[in-house]
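Below: one structure, written as structure tokens.
Letters go in sequence order (proteins before strands), and every chain restarts at 1. In what follows, every heavy atom counts, from backbone to side chain, and hydrogens, waters and symmetry copies are set aside. Since the model is a prediction, treat every value here as computed from it, not as a measurement.
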Number of protein chains: 2
Amino acid sequence: MQSAQDENGSTVVYDDVLRIADADPPKQGHGTERQAASQRVSIGDVARLADVAPITVSRALRNPQKVSPDKRARIEQAVAQTGYSINPHASALKSGRSNVVLAFASNLMSEQFASALKTCAAVLEDAGYLFLVGQTSYSYERETAALRSLHAMKPAAVMLTGVIELESNRELLRGLGIPIMETWALPRDPIDMLVGFSNTEAGRLAADMLFRRGYRKVAYVGRRGGRGALRLQGFREGCQALGIRLVCEELVDDVTGVSDGRRCLSSVLARPEKPDALFCSNDVLALGCMMEARRFNVRVPTDLGILGFGQSDIAAEIPPGLTMIGVDSALLGREAGAMLIASLAGTPPTQKLKRLDLIVSEGGSL
Amino acid sequence: MQSAQDENGSTVVYDDVLRIADADPPKQGHGTERQAASQRVSIGDVARLADVAPITVSRALRNPQKVSPDKRARIEQAVAQTGYSINPHASALKSGRSNVVLAFASNLMSEQFASALKTCAAVLEDAGYLFLVGQTSYSYERETAALRSLHAMKPAAVMLTGVIELESNRELLRGLGIPIMETWALPRDPIDMLVGFSNTEAGRLAADMLFRRGYRKVAYVGRRGGRGALRLQGFREGCQALGIRLVCEELVDDVTGVSDGRRCLSSVLARPEKPDALFCSNDVLALGCMMEARRFNVRVPTDLGILGFGQSDIAAEIPPGLTMIGVDSALLGREAGAMLIASLAGTPPTQKLKRLDLIVSEGGSL
DNA sequence: CCTGTCAATGACAACGTTACCATATTAAGA
DNA sequence: TCTTAATATGGTAACGTTGTCATTGACAGG
């Protein structure tokens, strides 16, 4: 164990961290033409080495089939020898295009967004794009700031976990003239492309499920704004249509953790008229409700049925297992990625709209 | 409710999504000089409008104090009027710098990484940087690919959730000549900067905590590689030093969900010699263990004490509440951000190393 | 009044790439 | 054989910005 002083004077004890010297040390000119490695090598250097014009190197890299096999081979060798990699800034400056696909998540901490981004990234990276994620934090201000910087950056496409609500921001994105993917809802007039599902229908489906299982006096717990509001709207409609009484709506502005869910359930239980079931349109809140129910010895589902929205692995595992309505967010990401690629490839009759089915995962909470 | 057909022929029912027409429509020339908005306006256009040279506009934007107040005002007005925003590619090409800070997460789905990235992003964005996150997915191959593209992209700095293990990738990052931040461990020889904590010490502390509470026959559950291996190493050392018997080590290669944790506990309980406590060096696994214990009517902590590692909100809330060793990942992100900014500002005597204290959050599981 | 110093500003060129057009080469059709 | 078209390649310029250096004027010290 080795130690040293950091600048604060406290003793630092280092961990031993595994180092891996890879068997295949990367790009080193075989023989004498060892390159300064870290330093800049331009397309001109490669061209000189391969004895072609720079433009040919450019072509060989982006449209290999437009260059004759022999030159292509020479160029490939020169690239390998020099360790050349294209300067994306110069390329983007001249061509007005880049190979970066920018994603914006309203919240990096959501398991479901993360899962969709992960699959979407996989699809796009396989197609040679660089997939980067920025954050907007459920705030219009941050969203606007992020989109401004985006405007300048000329990405190849944009992926959003959600839909843009602010009209000026919609306009800004539309003006970019690149593929834009919105998700997680089903707006009447998407900016460009959409892979989503109906949140109001999710609400109606929730009412339907509760009705079928005999519940007639229910409560709603969810976020006040955005998609939460849509689910509530659908839920209200469904309840009304089926003759279910919606005895209370417990709305929160912002979900920071399961404790918000706990609070919601306490508050619901404190009402004079107790519901026999609960639709919780947010999985973190649902989790909190489940826990609080246990704490108050409210048996689920005997005393209170709970229906959640989302895909929480953990909520499904906590006894008696939360029954949830949701979508396959990994699938959503994959579909979005595929659709973006099709649009980027430019074949005009691209599908621009995909509606995902809602899926129900059965637990024991209803 | 409105409907239409998508390209697959299924009926699409649109949600009503909230639209917000903002009261303050952005940048529109007051009066006649309305700009084509979406189209490119260059520094030259601004310069012409302000009746100065392009270079002066450039200066006014990056070093306002180097331009006289009157010209600065004219320029600002021209910028507002045209809606000009700097072309980051041209800027990066010429200057070799950019205002993008790139972060790489080995796993976007980790609550803790997300939390650190969130706070780090906040700090850097406040300082005017654009914070983007890429993914490496715990795979050396992806990591290498990501770092290659990074090499070309010349970000202002790089933030990593973890440390780089592959020597060739370490070399690559070192060669960039920009601030590099590693985290979440305490390697002997960081690439550049480090905000981390000792994983072996976490293991030793775990042994210590178990010892103090009277446990003498314990089991370990965790990931096989990376930091998990370090925690195990520390735990072994601690157990040996204190005379605790480590009756089994249950290692998993990859954690995909709580079910992995369930499996681990089953497997531990199936051993002939049952431990009286468990150190679970991963919070998802710990959660699974807690659930499985409940299912098998193993009372926690009476029959089996469980100590976790991490910061899981949910694990802390599940009765009896998981006791955990961990770090404040939001703090980690903030510290990393602050250190990066200091380094970017260029004042040489920058602190390059910060060791975070381990924190213990008490639940009822020990 | 002259010279040296400093601040403010501008002219010019260059960063590395690709769009555009021109040319050379080859294949195909009459 | 002669055009016509298609393919392969290169020359030139330009994308929008900023580094470098030169110029201007103001001001202080001699």
Notebook entry, point to check: Does K71(A) make a side-chain N or O approach to OP1 or OP2 of dT9(D) shorter than 4.0 Å?
Noted result: yes
Item checked: Between P of dA14(C) and CG of N87(A), the distance in whole Å -> 18 Å
Margin query: By nearest atom, which of the nucleotides dT17(C), dT9(C), dA13(C) is closest to the K94(B) side chain?
Written below: dA13(C)
Next item on the list: Indicate, with a heavy-atom threshold strictly under 4.0 Å, whether A53(B) touches base, sugar-phosphate, or nothing.
Entry: sugar-phosphate
Next item on the list: To the nearest Å, give me how far apart CD1 (I86(A)) and C1' (dG16(C)) are.
Entry: 9 Å
Note to self: Without decimals, in angstroms, what is the distance between Q65(A) CD and dA6(D) P?
What the structure shows: 17 Å
Next item on the list: Would you please classify the geometry between the H89(B) ring and the H89(A) ring as parallel, tilted or perpendicular, with 30° and 60° separating the classes?
Entry: tilted
Note to self: Strictly distance-based, threshold 3.5 Å: is any side-chain N or O of R170(A) a donor or acceptor partner for the main-chain N or O of E165(A)?
What the structure shows: no
Next item on the list: Take atom CG of N99(A) and atom P of dT17(C), then tell me their distance rounded to the nearest Å.
Entry: 14 Å
Note to self: Please tell me if R59(B) has a side-chain N or O lying less than 4.0 Å from either OP1 or OP2 of dA8(C).
What the structure shows: no
Notebook entry, point to check: Taking atom P of dT9(D) as reference, at what distance in whole Å does atom CG of D70(A) sit?
Noted result: 7 Å
Next item on the list: Identify, between K66(A) and R97(B), the residue whose nearest nucleotide on DNA chain D lies closer to the 5' end.
Entry: K66(A)
Notebook entry, point to check: Are the side chain of R74(B) and the backbone N or O of A50(B) linked by a donor-acceptor pair below 3.5 Å?
Noted result: yes
Check: Can you find a heavy atom in the side chain of V158(A) that is under 4.5 Å from one in the side chain of I178(A)?
Finding: yes
Next item on the list: Look at S95(B) and dT17(D) and indicate whether a side-chain polar atom (N or O) is within less than 4.0 Å of OP1 or OP2.
Entry: no
Checklist line | Short side-chain N/O contact to dG10(D) OP1/OP2 from T56(A), under 4.0 Å | finding: yes
Next item on the list: Please state how far atom CZ in R48(B) lies from atom P in dG16(D), giving the value in whole angstrom units.
Entry: 11 Å
Margin query: Let me spell it out: for each of D51(B) and L93(B), pick the nucleotide of DNA chain C with the closest heavy atom. Which residue's pick is nearer the 5' end?
Written below: D51(B)
Notebook entry, point to check: Rounded to whole angstroms, how far apart are CD1 on I55(B) and P on dT18(D)?
Noted result: 7 Å
Next item on the list: Give a yes/no answer on whether the side chain of S68(A) brings an N or O atom under 4.0 Å of OP1 or OP2 in dT9(D).
Entry: yes
Check: How many Å lie between CZ on R62(B) and C1' on dG19(D), as a whole number?
Finding: 11 Å
Check: Taking the side chain from T82(B) and the backbone from V46(B), do they hold a donor-acceptor pair closer than 3.5 Å?
Finding: no
Check: So, is S58(A) close to the dT17(C) phosphate, meaning a side-chain N or O under 4.0 Å from OP1 or OP2?
Finding: no
